[in-house]
Amino acid sequence: METRTNSRGYEERYWEGRHLKLTDLKEEAKDLKNQYLVKENIPLSPRPEFHLSHLKHDTNKVGLRGIRWKNGFEGPHEESLLWWSLAVTPDDITSAERRLLETTYPDRTEEQVQMQQSFLGKFATSPSFSELSRLGSYRFTFPLEELLEAYSQQLCNGDQPVMRVYETVLHKQEVVYVVLVHSPANQELFSHRPLLTDDPNSVCSYRDGCFIWRPEAMCETHSYELILRSDENQMEVRNVGSYPQFYVWDHVSVALHVGKQVLNFDPAKLRQNLKYCKGAKPTIVKPWEFDNLQQAEETVRDLWPDDSSPLERAEPLS
């Protein structure tokens, strides 16, 4: 475990080249006495597997203007890494729930399948699943394959990008699993970090154009408990009452190594993949770095004067 101050001035602990599951993280970080991480009275929650095919990049007005002026994305503050996060859709939650049920109860009858009530959405309450943003009012969402193809053509001379386990970062209540994407030309620069493999026991892997994410803590605020009815091959949800448990939550960040280059996209494609986000609480950037919808619409019209389509808003998953 090492400690550093990040670019926003916050202290964070990190483990280079490792994606630590919560049981290992608790052991490694036990001397920190993190009030959220040490909790043991957490209600049972699902352990699904998400197959995610989109990434998102949130930014404020200053970042948006820079992206439009350069028609692409570059590392912030002269950093060499460009940061994205996994984007979860309602269909992703439905698919993950079905996958979880099929693997837990492979012998379900058709009647039991029909009886099963949807439940996973009630546990998808951490910022990982929120339509709100902690980084600014503007969200770009790209298909993963499209993003990797652009990266391959522009930074890898058409070769396949390399993915590695970059690090685990622990904040007060947030666990970040970082995946590094880099050009094969930079193998030596990053060879001390392990390759990202298709390991079914890992927190994150990559397969067939999707990131496979197996969240360790998907709730943050645990208002519900998962009830397993194994005799009936059913999963149910029970409200834990007026005293929910607050716990750590985890998510995956994808860091594209771009050096001093810009990952370019057509201006129309940028506008097509842009949505407005309200601010989450708490935010990472300052509250005044967020715009209301009217301000955002005016800014976007100014940056894309030839596009008269309305600025869409990021919608809740349920």
Side-chain angles (χ1 to χ4, degrees), residues 14-21 49-59 67 70-76 78-89 91-92 95-96 99 128 139-169 176-215 250-270 272-274:
Y14 67 101
W15 290 260
E16 188 176 294
R18 303 168 70 188
H19 284 170
L20 292 170
K21 292 192 170 187
E49 179 180 279
F50 291 97
H51 294 199
L52 303 176
S53 59
H54 287 72
L55 296 181
K56 61 185 179 183
H57 177 87
D58 292 0
T59 190
I67 291 166
K70 297 189 177 184
N71 284 328
F73 305 88
E74 62 182 351
E78 298 185 352
E79 291 181 15
S80 62
L81 299 179
L82 168 61
W83 295 87
W84 295 73
S85 297
L86 301 184
V88 183
T89 68
D91 286 345
D92 292 328
S95 297
R99 196 176 298 113
S128 300
R139 173 171 296 167
F140 291 93
T141 305
F142 273 76
L144 176 58
E145 286 195 4
E146 186 176 320
L147 200 64
L148 291 178
E149 177 62 22
Y151 186 86
S152 169
Q153 295 302 321
Q154 296 177 41
L155 287 102
C156 305
N157 294 316
D159 293 331
Q160 191 79 6
V162 181
M163 296 185 184
R164 294 185 183 272
V165 175
Y166 192 65
E167 63 185 9
T168 299
V169 184
V176 190
Y177 298 106
V178 183
V179 172
L180 173 70
V181 179
H182 69 84
S183 166
N186 291 316
Q187 291 277 22
E188 288 189 16
L189 185 62
F190 300 111
S191 60
H192 58 292
R193 288 182 162 91
L195 293 169
L196 186 74
T197 61
D198 187 11
D199 179 356
N201 296 313
S202 64
V203 174
C204 182
S205 57
Y206 176 80
R207 186 199 318 146
D208 300 332
C210 290
F211 277 113
I212 314 298
W213 176 38
R214 305 171 184 91
D250 72 297
H251 65 107
V252 174
S253 287
V254 180
L256 305 180
H257 181 259
V258 294
K260 296 186 181 301
Q261 293 182 250
V262 177
L263 184 61
N264 289 119
F265 289 93
D266 181 81
K269 176 66 68 173
L270 290 171
Q272 176 186 332
N273 291 346
L274 175 63

(request) Report the C-alpha separation of Val178 and Trp83 in whole Å, then their side-chain angles, then the decisive distance to 0.1 Å, and conclude whether the side chain to side chain contact (heavy atoms under 4.5 Å, CB included) test is met. (result) CA-CA 9 Å; Val178 183; Trp83 295 87; 3.5 Å; yes
(message) side chain to side chain contact (heavy atoms under 4.5 Å, CB included) for Leu55 and Phe142? Distances and angles first, verdict last.
(response) CA-CA 6 Å; Leu55 296 181; Phe142 273 76; 5.7 Å; no
(request) Check for a donor-acceptor pair, side chain of His257 on one end and backbone N or O of Leu180 on the other, with a separation under 3.5 Å. (result) no
(request) Search all heavy atoms of Val88 against all heavy atoms of Ser128 and return the closest pair with its distance. (result) CG2-O, 4.3 Å
(request) Please confirm whether the backbone N or O of Leu20 pairs with a side-chain atom of Tyr177, one donor and one acceptor, at under 3.5 Å? (result) yes
(request) Only counting residues at least two apart or in another chain, list the ones meeting salt bridge (charged side-chain N to carboxylate O under 4.0 Å, His left out) with Asp91. (result) none
(request) Would you give the length of the straight line joining atom OG of Ser95 to atom CD of Glu49, rounded to the nearest 0.5 angstrom? (result) 11.5 Å
(request) Taking all heavy atoms of Pro161 and all of Val181, pick out the closest pair and write down the distance. (result) CB-CG1, 3.7 Å
(request) For His51 and Arg99, run side chain to side chain contact (heavy atoms under 4.5 Å, CB included): C-alpha distance rounded to whole Å, both residues' side-chain angles, the deciding distance at 0.1 Å, then the answer. (result) CA-CA 10 Å; His51 294 199; Arg99 196 176 298 113; 3.7 Å; yes
(message) Side chains of Gln187 and Val162, heavy atoms from C-beta outward: is any pair under 4.5 Å?
(response) yes
(request) Could you tell me whether a side-chain N or O of Ser53 sits under 3.5 Å from a main-chain N or O of Cys210, the two making a donor and an acceptor? (result) no
(request) Report the residues that fulfil salt bridge (charged side-chain N to carboxylate O under 4.0 Å, His left out) with Asp58, sequence neighbours left out, ordered by chain and then residue number. (result) Arg139
(request) Check ring-ring contact (aromatic ring centres under 6.0 Å, His included) between Tyr151 and all other residues, then give those that pass, not counting sequence neighbours. (result) none
(message) Between Leu148 and Tyr206, is there a side-chain heavy-atom distance shorter than 4.5 Å?
(response) yes
(message) Restricting to ring-ring contact (aromatic ring centres under 6.0 Å, His included), what partner residues turn up for His54, sequence neighbours left out?
(response) none
(request) Please report the shortest heavy-atom distance between Gly72 and Leu270, naming the atom on each side. (result) N-CD1, 4.1 Å
(request) Could you check Phe211 against Phe50 for ring-ring contact (aromatic ring centres under 6.0 Å, His included), going step by step and ending with a plain yes or no? (result) CA-CA 8 Å; Phe211 277 113; Phe50 291 97; over 10 Å; no
(message) Using a 3.5 Å distance criterion without hydrogens, assess whether the side chain of Ser253 forms a donor-acceptor pair with backbone atoms of Ser85.
(response) no
(message) Considering only residues two or more places apart or on different chains, which pairs with a residue in residues 146-155 satisfy salt bridge (charged side-chain N to carboxylate O under 4.0 Å, His left out)?
(response) Glu146-Lys269
(request) For Tyr166, enumerate each residue passing the ring-ring contact (aromatic ring centres under 6.0 Å, His included) test, keeping only those at least two apart in sequence or located in another chain. (result) none
(message) Once salt bridge (charged side-chain N to carboxylate O under 4.0 Å, His left out) is applied, what residue pairs with a partner in residues 189-209 remain, sequence neighbours excluded?
(response) Glu16-Arg193, Asp198-Arg207
(request) Name all residues meeting the ring-ring contact (aromatic ring centres under 6.0 Å, His included) criterion together with His57; count only those two or more places apart in sequence or in a different chain, and write none if there are none. (result) Phe73, Trp84
(request) Starting at OG of Ser183, measure out to CD of Gln261 and round the result to the nearest 0.5 Å. (result) 9.0 Å
(message) Tell me every residue that passes side-chain hydrogen bond (donor to acceptor under 3.5 Å, both in side chains) with Trp15, counting only those two or more places apart in sequence or in another chain.
(response) Glu28
(message) I'd like to check the side-chain hydrogen bond (donor to acceptor under 3.5 Å, both in side chains) partners of Ser202; sequence neighbours left out, ordered by chain and number.
(response) Arg214
(message) For a quick test of reading the model, state the closest non-hydrogen atom pair linking Glu188 to Ser191 and the distance between them.
(response) O-OG, 3.3 Å
(message) Any side-chain to backbone donor/acceptor pair from Gln154 onto Asn264? Under 3.5 Å, distance only.
(response) yes
(request) Please examine the side chains of Tyr14 and Thr168, heavy atoms only from C-beta on, and report whether any two atoms are closer than 4.5 Å. (result) no
(request) Can you spot which of Thr141, Val254, Asn273, Leu86 makes a side chain to side chain contact (heavy atoms under 4.5 Å, CB included) with Lys56? (result) Thr141
(message) Would you compute the distance between atom CG of Leu155 and atom CG of Leu256 and round it to the nearest 0.5 angstrom?
(response) 8.5 Å
(message) Checking Thr89 now: which residues fulfil side-chain hydrogen bond (donor to acceptor under 3.5 Å, both in side chains) with it, not counting sequence neighbours?
(response) Asp92
(message) For Asn201, is there any backbone N or O sitting under 3.5 Å from a side-chain donor or acceptor partner on Lys21?
(response) yes
(message) Going by the rule salt bridge (charged side-chain N to carboxylate O under 4.0 Å, His left out), which residues pair with Arg164 if we only count those two or more places apart in sequence or in a different chain?
(response) none
(request) Answer yes or no: is there a side-chain heavy-atom contact under 4.5 Å between Val165 and Val179? (result) no
(request) Test Leu52 against Ile212 for side chain to side chain contact (heavy atoms under 4.5 Å, CB included), laying out the working first. (result) CA-CA 6 Å; Leu52 303 176; Ile212 314 298; over 6 Å; no
